[in-house]
Amino acid sequence: MKMRFVILLSWLAVCVAPAMAANDDPFDFDNFAITDSGDADINVESVSINAGASPAAVASFDIAGVMLGMPFEDVQTLFFKDKGLYSPRKKDSIVYTIAKDWKYNLDYECRRQGIVIPAELSKCVNSLARNRGLLYASELQLERENTGETIVVYFTSNATDNLVWRVVYNNDANELEGADEKFENQRQKKILAFWQNVLDKYGAPNAGTDKWVSTTNAYDPMMTAYYGALDLVDNGRYASDAAKNVQDARDNFQAKPYAF
């Protein structure tokens, strides 16, 4: 009976210790949104440069001071410490993510330690991810209250230095308040003013009527303008980051030490 009691205590220590470590983690997971990584809605359709046009320096474009390739810390400083036109969204302005393949690895590790209760399993995975540098800031949500403008900044994982790979800007230029002629008239004027400001800042599109491209390779930096929106993106940076996480997770999967 005594032997069984010792074994039971040992089993509880293995099962409970990781969960306690997750609860004791100084990072307050409840104050931040943590989402699963997924396939980004990137557009990699082929592009062509307009006749007579030359490649645009899209890599040097900025939206409210945010450029492709900027580190998360620099963007965070820009909007959290140096108060400007935009402020972080009031709730969950920073969204944290664990790359899907790494999350599967950590889930396997935690379950091998005997943690099976969903809430405790999630805490174990999140804590391990943070301690190993696998939990990263994937999005920063910004807003400008007096105009209703919003900006979402997307970052790569820590595997590729947590850098900006996409910036999406939106305003209400394309919104219609009512069905009357006056509202459509106002909408057209808002769109015209927005487009004029876009042309003044970035110059005329060099691909079609709405795109600025670095090259004809869709994985290189490009920007697309919509009615009331801008999408500055580096698909190649995102694809490289995703591929590295898949390979690193595969190389570091802690499988059982099979012997045969």
Check against side-chain contact (heavy atoms from CB on, under 4.5 Å), Val58 and Leu232: CA-CA 8 Å; Val58 180; Leu232 179 62; 3.6 Å; yes
Do Ile63 and Leu230 make a side-chain contact, defined as non-hydrogen atoms from C-beta onward lying under 4.5 Å apart? yes
Looking at Lys189, I want to see if its NZ is surrounded by more than 12 non-hydrogen atoms of other residues, nucleotides or ligands under 6.0 Å. no
Above 12 or not: heavy atoms from other molecules or residues under 6.0 Å from CZ of Phe80? yes
Is there a path from Leu163 to Tyr96 through hydrophobic residues (I, L, V, M, F, W, Y) whose side chains come within less than 4.5 Å of each other? no
Can you tell if the side chain of Tyr136 reaches within under 4.5 Å of the side chain of Phe72, non-hydrogen atoms only? no
Heavy-atom side-chain proximity of Trp165 to Asp241 below 4.5 angstrom: no
For Glu149 and Tyr169, does a side-chain donor sit closer than 3.5 Å to a side-chain acceptor? yes
Closest heavy-atom pair and its distance - Ala64, Phe79: O-CZ, 3.6 Å
With the threshold set at 4.0 Å, does a side-chain nitrogen-carboxylate oxygen contact exist between Glu184 and Arg187? yes
Do Asn185 and Glu181 get their side chains close enough for a donor-acceptor pair, meaning under 3.5 Å? no
Side chains of Asp231 and Thr224: do they bring a donor and an acceptor to under 3.5 Å? no
Over all heavy atoms of both residues, which pair between Ala229 and Asn170 is shortest? Give the atoms and the distance, please. CB-OD1, 3.4 Å
Do other residues, nucleotides or ligands put more than 12 heavy atoms under 6.0 Å from Lys190 NZ? yes
Any luck finding a side-chain donor-acceptor pair between Ser157 and Asn245 under 3.5 Å? yes
Does the side chain of Glu109 come under 3.5 Å of the side chain of Asn105 through a donor N or O and an acceptor N or O? no
Are any non-hydrogen side-chain atoms of Leu134 and Asn158 less than 4.5 angstrom apart? no
Is the shortest heavy-atom distance from the side chain of Thr97 to the side chain of Trp102 under 4.5 Å? no
More than 12 heavy atoms of other groups within 6.0 Å of Glu177 CD: no
Glu139 and Gln141: side-chain donor and acceptor closer than 3.5 Å? yes
Closest heavy-atom contact between Leu140 and Ile94? CD1-CG1, 3.9 Å
For ring-ring contact (aromatic ring centres under 6.0 Å, His included), just list the numbers for Tyr202 and Phe61, CA-CA rounded to whole Å, side-chain angles, deciding distance to a tenth of an Å, and then say yes or no. CA-CA 7 Å; Tyr202 304 108; Phe61 283 9; 4.9 Å; yes
salt_bridge(Asp107, Arg111) N-O dist < 4.0 Å: yes
Check this for me: Phe253, atom CZ, are more than 12 non-hydrogen atoms of other residues, nucleotides or ligands nearer than 6.0 Å? yes
For the residue pair Ala159 and Asp248, what are the closest heavy atoms and their distance? CB-OD2, 4.5 Å
Joint hydrophobic cluster, Ile191 plus Phe194, side-chain heavy atoms closer than 4.5 Å: yes
Leu128 side, atom CG; Arg132 side, atom CZ - distance, nearest 0.5 Å: 5.0 Å
So OG1 of Thr160 and OH of Tyr238: to nearest 0.5 Å the spacing works out to 11.0 Å
Taking a hydrophobic cluster as the set of Ile, Leu, Val, Met, Phe, Trp and Tyr residues connected by side-chain heavy atoms closer than 4.5 Å, whether directly or through intermediates, do Tyr226 and Leu176 fall within one such cluster? no
Are Asp220 and Ser214 close enough that a side-chain donor and a side-chain acceptor fall under 3.5 Å? no
Between atom CD1 of Ile115 and atom OG of Ser122, what is the distance when rounded to the nearest 0.5 Å? 11.0 Å
Residue Ile117 excluded, over 12 heavy atoms near CD1 under 6.0 Å: no
Within a strict 4.5 Å, meaning less than it, do heavy atoms of the Ile151 and Val66 side chains meet? no
State, with a plain yes or no, whether a side-chain heavy atom of Pro55 is found less than 4.5 Å away from one of Ile49. yes
Taking the side chain as everything from C-beta on, heavy atoms only, tell me whether Met70 gets closer than 4.5 Å to Met67. yes
